[in-house]
Amino acid sequence: MNRARSQPALALLFSALALLLVSCNEPASRSGERSLQILSGSENESLQPLLDEFNSTHDAQVKLVSRGSVEIMRYLEDDSTGFDAVWPANSIWISLGDRSNRVKFLQPVAITPVVLGVRDSLARKLGWVGGELKTAQIADAVRAGKLRFAMTSATQSNSGAAAFLGFLQAFKGGDDPLQSQDLENKQIRDQVREILKGVNRTSGSSGWLKDLFLKSDYDAMVNYESVLLETNRQLVATGRKPLRILYPVDGLSLSDSPLGFLPSGDSAKQNLFLEFQAWLRSPEVQLKLGAAGRRPGVAGAAFTPDPAVWDTSWGVQPGRILSPFPFPSAEVIRQALNLYQTELRKPSHTVFCLDFSGSMSGDRITELRRAMRMLLTPSEARRNLLQPASGDTLDFLAFSDRILWKGRALGRDTASLLAIADSLDRLEPVGGTAIHSVARQALELLPARGKETHVQAVVLLTDGESNTGATWTEFKSSYQESRRDIPVFSIRFGDASQNQLDSISSATSSRVFDGTKDLARSFRQVRGYN
């Protein structure tokens with residue numbers, strides 16, 4: 001397998017925060033036992049039945065710990081221990097992160113392309129059934145207001161990064177890989193910026209995006225072919241119509257699901273890894289991967305698609321010869337992701353609700369301030385690919401039983417970002433906790449038609465339980481009456497009420513992040529969703 005090694009500049013970009021990105025509380029491998037801890041992309045969660053089968057038939061304990069592709073890359077940049085192997089969605093994340101060449105025995109497991117799934121009726125209305133689809137047609141539909149789609153963040157998830165690089169390649173044209181000078185091309189930038197205006201929901205995980213899609217009423221989603229097949233099976237099972245699966249001919253990327261070993265000097269673990277890898281690549285297991293929606297055959301096994309899984313009436317083409325675009329160099333990928341984060345993605349308008357109630361005194365408020373410094377200090381945010389874009393709006397509400405302080409930062413204005421952090425440093429915790437009241441006030445800060453130009457979201461951090469102000473019923477009623485599809489993400493901290501935050505998450509189609517072990521990491525995760 002060809003692997004372009006990361007450039008020195010790339011290593012410097014991410015190295016400083018690598019220690020922060022994988023918690024010291026990660027489960028450690030148990031030396032001497034037949035066990036493996038694998039740092040894996042979230043798309044592999046659906047393969048758990050296969051892992052269970054291996055564990056039961058081979059007297060082993062192989063466990064996946066899911067992380068985003070960018071986090072896997074950053075883990076490899078550091079010389080951290082705690083995992084025996086890595087299994088991201090694409091080899092590019094190993095090429096970007098493994099600067100010390102630690103990963104051994106790297107082999108692809110299966111292939112799946114990143115494609116577009118569209119409501120069948122809309123695909124027919126757009127004339128996209130029965131012919132080839134080009135990226136420019138997607139852009140035309142977005143520009144005409146006929147298409148909005150969900151897509152993961154390019155700077156947090158492989159499927160989003162692959163789609164974004166595909167857009168760049170399609171508008172560049174030609175078969176040669178993207179170069180640095182292409183990223184300076186104004187026409188290419190404008191075209192990609194235009195197509196990304198069509199993003200109506202984003203996330204840091206392809207699996208979570210699928211779950212959101214199934215619970216909602218969106219028109220389209222960019223995701224892995226395997227995830228779209230899984231989505232369609234669930235849509236059909238619940239009596240709904242499946243999505244039309246479409247393959248852009250000029251920006252198609254493949255994910256090769258590479259599995260690699262991280263040597264630790266434990267020969268028993270190495271033997272178990274090789275045993276597990278060989279089992280995954282065996283003809284009989286490759287057939288099972290095909291039944292799970294992956295394109296098998298990486299080790300030469302024949303692929304006879306099961307029509308119950310690969311239903312060609314959905315537009316899926318299991319026999320199609322896939323022609324992916326060539327991935328650019330690691331340095332160009334780094335430049336492209338920075339460009340996405342700061343210039344080309346759809347701007348966001350996020351309201352941060354920060355709990356400054358009395359229970360936050362002490363270590364908790366210190367940790368909160370540290371996490372906010374990470375987000376608001378440009379150099380720190382850049383290391384995590386979380387820096388604001390020029391069109392972003394960041395609102396801040398520090399609250400207890402009332403609003404204690406308000407602040408706003410626009411775009412990449414360093415002075416205003418640092419001023420926000422300074423103000424939070426001076427503010428002291430006091431009073432009770434009014435979670436539902438502040439969430440309602442945060443939603444009122446977001447313009448009614450703002451979703452046309454911005455990805456809107458509320459991020460609520462709390463260590464407590466709402467004990468004053470608006471009730472849950474009052475919040476839920478006002479949210480439903482507003483008919484606004486704005487997620488209220490929560491970060492659970494300290495002794496926060498899981499039930500209260502789960503209720504808010506369920507009502508607003510969002511999720512709760514666990515900040516009890518690493519608050520800064522939770523803020524990094526939630527920024528991938530808005």
Side-chain angles (χ1 to χ4, degrees), residues 36-57 60-69 71-72 85-90 93 107-117 150-152 156-163 203-216 221-238 240 242-243 245 253-259 276-277 279-282 284-298 301 303 305-311 314 316 318 511:
L36 291 174
Q37 298 279 1
I38 301 177
L39 188 58
S40 166
S42 63
E43 69 284 347
N44 288 329
E45 291 175 355
S46 62
L47 301 181
Q48 187 59 46
L50 276 181
L51 264 72
D52 292 341
E53 179 183 339
F54 178 83
N55 287 335
S56 64
T57 57
Q61 291 295 322
V62 177
K63 181 177 180 181
L64 303 183
V65 178
S66 295
R67 292 289 184 267
S69 296
E71 275 200 58
I72 294 174
V86 290
W87 194 4
N90 197 306
W93 303 106
Q107 292 283 356
V109 172
I111 287 171
T112 189
V114 174
V115 296
L116 176 67
M151 183 180 111
T152 62
Q156 301 299 317
S157 170
N158 176 71
S159 62
S203 85
S205 159
S206 55
W208 189 86
L209 197 69
K210 178 209 69 177
D211 293 340
L212 171 68
F213 194 92
L214 288 169
K215 291 186 293 186
S216 306
M221 172 171 60
V222 173
N223 216 320
Y224 300 110
E225 178 189 62
S226 59
V227 174
L228 285 170
L229 289 173
E230 189 178 341
T231 303
N232 276 357
R233 290 197 294 274
Q234 294 186 38
L235 286 171
V236 171
T238 53
R240 290 178 286 174
L243 298 173
I245 297 175
S253 68
L254 298 184
S255 296
D256 56 353
S257 192
L259 177 62
F276 176 59
Q277 187 183 61
W279 183 80
L280 285 173
R281 288 165 57 85
S282 66
E284 57 271 25
V285 178
Q286 287 282 297
L287 284 177
K288 294 177 181 178
L289 286 167
R294 311 295 179 96
R295 290 178 182 250
V298 294
F303 174 39
D306 180 351
V309 177
W310 298 81
D311 189 331
W314 301 341
V316 66
R511 64 172 293 186

**Study point:** Check: Trp310 side chain, Gly290 main-chain N or O, donor-acceptor pair, under 3.5 Å
**Key:** yes
Practice item. Check whether any side-chain heavy atom of Trp87 sits under 4.5 Å from a side-chain heavy atom of Leu47, and report yes or no. Key: yes
Point to revise | Side chain to side chain, Phe276 and Leu51, heavy atoms closer than 4.5 Å | key: yes
Exercise for review: Measure the shortest side-chain to side-chain distance between Leu229 and Trp314 over non-hydrogen atoms and say whether it is less than 4.5 angstrom.
Suggested key: yes
**Study point:** Any donor-acceptor N/O pair, Glu230 side chain to Gly293 backbone, under 3.5 Å
**Key:** no
Review point. Is there side-chain contact between Asn158 and Glu43, with at least one heavy-atom pair below 4.5 Å?
Key: no
Revision key, fill the gap. Rounding to 0.5 Å, atoms CG (Asn90) and OG (Ser159) come to a distance of 11.0 Å
Check your understanding: Do Thr112 side-chain atoms and Ser226 backbone N/O form a donor-acceptor pair below 3.5 Å?
Key -> yes
Check your understanding: Side-chain contact, heavy-atom cut-off 4.5 Å: Leu228 with Val316?
Key -> no
Practice item. State, yes or no, whether a side-chain contact exists between Pro88 and Pro258 at a heavy-atom distance under 4.5 Å. Key: yes
Point to revise | pair Leu287-Pro296: side-chain heavy atoms closer than 4.5 Å | key: no
Check your understanding: Side-chain contact, heavy-atom cut-off 4.5 Å: Leu254 with Glu225?
Key -> no
Review point. Does Lys288 offer a backbone N or O that forms a donor-acceptor pair with the side chain of Arg294 under 3.5 Å?
Key: no
